[in-house]
Amino acid sequence: MYEMDHRLLAALRDTGQHPRVAAAARTLSIAGEHGALWLVAGLAGAALDKERRGAWLRGTALTAGAHLASMGVKRLVRRPRPDVEPLVRTAGRHSFPSSHATSAAAAAVAYSALRPAGAHLVPPLAAAMCVSRMVVGVHYPSDVAAGAALGALTARLGTTWMQGAAK
């Protein structure tokens with residue numbers, strides 16, 4: 001596992017040598033800091049979709065809760081970030097799980113349950129954000145996989161509560 005983690009990270013990190021790839025990865029990483037992109041998207045959904053406002057707000061709360069859970073796990077595990085030159089600054093020095101991946105996956109699950117457009121737009125953007133964290137060199141693939149699993153599980157467990165607000 002350790003060797004595969006390092007090989008995958010090296011391969012993805014190498015793609016960051018291309019200026020356009022690096023710029024896109026940096027942009028996604030910055031937009032996802034502290035779950036910002038996903039929280040703004042949820043609040044925008046609540047503002048624009050009056051019929052499902054409560055569900056959007058609950059989905060946003062699930063996304064924020066998943067992000068907070070990942071930060072708690074990160075403080076317990078304390079895995080150091082990869083020993084490569086990162087393309088972005090990080091808010092902390094621990095990498096497991098990826099909080100960007102956690103909030104991205106939570107948003108993908110929660111928001112996809114609300115509107116067909118969300119089911120088509122959010123998951124690919126969430127996946128790109130997850131990959132961006134390896135391209136910029138701040139997470140191992142296992143950090144991203146664990147973060148995505150934590151986010152998806154958190155949102156999935158809260159889907160009934162979230163959708164109850166839509167009725």
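Proximity of the aromatic rings of Tyr140 and His6 is defined here by a centroid distance below 6.0 angstrom, and this criterion is met.
Criterion: ILVMFWY side-chain heavy atoms under 4.5 Å apart, direct or through other members. Under it, Val109 and Leu150 are not part of a common hydrophobic cluster. Tracing side-chain contacts under 4.5 Å through hydrophobic residues (I, L, V, M, F, W, Y), one never reaches Phe96 starting from Val138; they form parts of separate clusters.
With rounding to the nearest 0.5 Å, the separation of NE2 in His100 from SG in Cys130 is 10.0 Å. To the nearest 0.5 Å, atoms NE2 (His67) and CH2 (Trp38) are separated by 13.0 Å. Taken to the nearest 0.5 Å, the CD atom of Glu33 stands 9.5 Å off from the OG atom of Ser103. Expressed to the nearest 0.5 Å, how far CG of Leu37 lies from OG1 of Thr63 amounts to 10.5 Å. The CG atom of Leu28 sits 6.0 Å away from the CG atom of Leu125 when rounded to the nearest 0.5 Å.
In this structure, Leu57 and Arg53 have side chains that are in contact, with non-hydrogen atoms separated by less than 4.5 Å. Between His94 and Val77 the shortest side-chain heavy-atom distance does not fall below 4.5 Å. Between Trp56 and Leu43, every side-chain heavy-atom pair lies at or beyond the 4.5 Å cut-off. Annotation: side chain of Pro80 is not in contact with side chain of Ser95 (no heavy-atom distance under 4.5 Å). Between Asp49 and Arg52 there is a side-chain heavy-atom pair separated by less than 4.5 Å.
Minimum interatomic distance between Gly137 and Val84 (heavy atoms only, all atoms of both residues): O-CG2, 3.2 Å. The shortest heavy-atom contact between Thr60 and Gly42 is OG1-CA, 3.1 Å. When all heavy atoms are compared, the tightest approach of Trp161 to Ala61 is CH2-CB, 4.2 Å. Here the closest non-hydrogen pair linking Ser99 and Met71 is OG-CG, 3.8 Å. Closest approach of Val73 to Pro97, counting heavy atoms only: CG1-CD, 3.5 Å. Smallest separation of non-hydrogen atoms from Arg133 and Val144: CB-CG2, 4.4 Å.
Panel note: side chain Ser29, backbone Arg26; no donor-acceptor pair is recorded below 3.5 Å. A donor-acceptor pair is defined here as one N or O able to donate and one able to accept, closer than 3.5 Å; no such pair exists between the side chain of Thr102 and the backbone of Ala148. With hydrogens and angles disregarded, a donor-acceptor distance shorter than 3.5 Å links the side chain of Ser98 to the backbone of Ala101. His34 contributes no side-chain N or O that, together with a main-chain N or O of Ala36, makes up a donor-acceptor pair within less than 3.5 Å.
More than 12 non-hydrogen atoms from other residues, nucleotides or ligands lie less than 6.0 angstrom from CD of Gln17.
Note on Arg79 versus Asp5: salt bridge recorded, some NZ/NE/NH1/NH2 to OD/OE distance being below 4.0 Å.
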